Participant: 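Let me give you the structure first, and then I'll get to my questions.
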Amino acid sequence: MSFRIYLDVCYRQQAPANAVTVKVMQNKKEVVPNSFESSPYSESTEFGFLPPNGEQIVLEFTAAKIDSGDLTVLIDTSDGQHGETRFDLQALR
């Protein structure tokens with residue numbers, strides 16, 4: 001069984017490819033994904049698609065590596081922006 005995290009990271013127009021760094025932390029240790037997929041993110045409008053303004057990222061982990069405690073996702077962009085979010089996996093049960 002797999003545990004997947006899907007991210008849409010939008011941070012600037014004409015965002016370069018593969019420029020976002022993502023770390024997943026649990027119990028003060030980094031959890032390394034089995035796979036990391038990144039593709040340009042661009043939004044659709046009624047006239048077509050806008051130029052890429054970020055990345056769509058899919059991280060896949062072995063479910064046994066993830067426990068039911070807090071999970072923290074750290075995001076760094078190529079232009080120096082930082083983001084962090086925490087998930088209480090116990091509450092999601």
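Remember, it's a predicted structure, so these values are computed and weren't measured experimentally.
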Participant: Would a hydrophobic clustering, with Ile, Leu, Val, Met, Phe, Trp and Tyr connected at side-chain separations under 4.5 Å, put Y41 with V73?
Facilitator: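 Shared cluster, no.
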
Participant: Enumerate donor-acceptor pairs with a distance under 3.5 Å from any side-chain N or O in residues 3-16 to protein atoms, sequence neighbours excluded.
Facilitator:
unit_1: R4; atom_1: NE; unit_2: E60; atom_2: OE1; d: 3.3
unit_1: D8; atom_1: OD1; unit_2: Q56; atom_2: NE2; d: 3.2

Participant: If every non-hydrogen atom of V20 is compared with every non-hydrogen atom of E55, which pair is closest and at what distance?
Facilitator: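 Heavy atoms only, the tightest pair is N-OE2, 2.9 Å.
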
Participant: In the hydrophobic clustering (ILVMFWY, side-chain contacts below 4.5 Å, transitive), which residues join M25, or is it alone?
Facilitator: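 Members other than M25 - counting any ILVMFWY side chain reachable under 4.5 Å - are L74.
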
Participant: Identify whether I66 and F36 are in the same connected component of the hydrophobic contact network (ILVMFWY, side-chain heavy atoms under 4.5 Å).
Facilitator: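 Shared cluster, yes.
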
Participant: Which residues satisfy the side-chain contact (heavy atoms from CB on, under 4.5 Å) test with P33, sequence neighbours excluded?
Facilitator: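 By the side-chain contact (heavy atoms from CB on, under 4.5 Å) rule, P33 matches L59, F61.
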
Participant: Could you state the interatomic distance from CG (L71) to CG (L89), rounded to the nearest 0.5 Å?
Facilitator: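 Reported value, rounded in 0.5 Å steps: 5.0 Å.
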
Participant: Mind jotting down which residue pairs meet the side chain to side chain donor-acceptor pair (under 3.5 Å) criterion with at least one end in residues 16-26? Sequence neighbours excluded, please.
Facilitator: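 Found N18-S38, Q26-D67.
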
Participant: Could you identify which residues cluster with V32, counting Ile, Leu, Val, Met, Phe, Trp and Tyr as linked when any side-chain heavy atoms lie under 4.5 Å apart, either directly or through a chain of such contacts?
Facilitator: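 Besides V32, the hydrophobic cluster comprises nothing; the residue is isolated.
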
Participant: Can you name the residues that form a salt bridge (charged side-chain N to carboxylate O under 4.0 Å, His left out) with E84, not counting sequence neighbours?
Facilitator: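 Salt bridge (charged side-chain N to carboxylate O under 4.0 Å, His left out) list for E84, sorted by chain: R86.
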
